[in-house]
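Please read these numbers as outputs of a predicted model, since none were measured by experiment.
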Amino acid sequence: MQLRNQIIYGIATRQYREGDSLPSVRQLAETIGINMHTVNKAYAVLREEGLLRLGRRTGAVIAVDLDKLKALEEMRDQLGLIVAKGFCKGITRDEIHQLIDDIYSEFE
């Protein structure tokens, strides 16, 4: 999950762009010192999430899925639980809005 998250942040901050190739599973595993199966799993999850295309000849390539409605539904599901936890802890609507604005501005 950490590797997946770092790649997502890389895409959001434009460190990786549409069409960029990522290292092979073996290369990345050796470079950062983790198991190849861990890298393979991260790449597979990113492919399922519509952020990566995997091919025998092309390898792992950034391919952002432009299905905005699907992405909004996924965000709503994930944010719903996060907001519910915050609500239980007494975090206000204004505090949540400010936090989202702050995080969003990091990617602009």
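Expressed to the nearest 0.5 Å, how far CG of Leu3 lies from CD of Gln6 amounts to 8.0 Å. Atom CG of Leu52 sits about 11.0 Å away from atom CG of Asp20, to the nearest 0.5 Å.
Ile11 places a side-chain heavy atom less than 4.5 Å from the side chain of Ile62. The shortest side-chain heavy-atom distance between Leu28 and Leu22 does not fall under the 4.5 Å cut-off.
Between Glu18 and Ala63, the shortest heavy-atom distance links the atoms OE2-CA, 3.5 Å. Residues Ile91 and Glu95 share a closest heavy-atom pair of CA-OE1, 3.4 Å. Between Val61 and Thr58, the shortest heavy-atom contact is CG2-O, 3.7 Å.
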Contacts table for residues 34-49: side-chain donor-acceptor under 3.5 angstrom, sequence neighbours left out:
unit_1: Asn35; atom_1: OD1; unit_2: His37; atom_2: N; d: 2.6
unit_1: Tyr43; atom_1: OH; unit_2: Pro23; atom_2: O; d: 2.7
unit_1: Glu49; atom_1: OE1; unit_2: Arg4; atom_2: NE; d: 3.1
unit_1: Glu49; atom_1: OE2; unit_2: Arg4; atom_2: NE; d: 3.0
unit_1: Glu49; atom_1: OE2; unit_2: Arg4; atom_2: NH2; d: 3.0

Quick one: side chains of residues 101-108, donor-acceptor pairs under 3.5 Å with protein atoms, not counting sequence neighbours, listed by atom name and distance.
unit_1: Asp102; atom_1: OD1; unit_2: Gln98; atom_2: NE2; d: 2.7
unit_1: Ser105; atom_1: OG; unit_2: Asp101; atom_2: O; d: 3.4
unit_1: Ser105; atom_1: OG; unit_2: Asp102; atom_2: O; d: 2.8

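No chain of hydrophobic side-chain contacts below 4.5 Å, direct or via other Ile, Leu, Val, Met, Phe, Trp or Tyr residues, connects Leu99 to Ile82. Using a 4.5 Å cut-off between side-chain heavy atoms of Ile, Leu, Val, Met, Phe, Trp and Tyr, with links allowed through other members, Tyr16 and Ile32 fall into the same hydrophobic cluster.
At distances below 3.5 Å, not a single donor-acceptor pair connects side-chain atoms of Gln15 with backbone N or O atoms of Tyr9.
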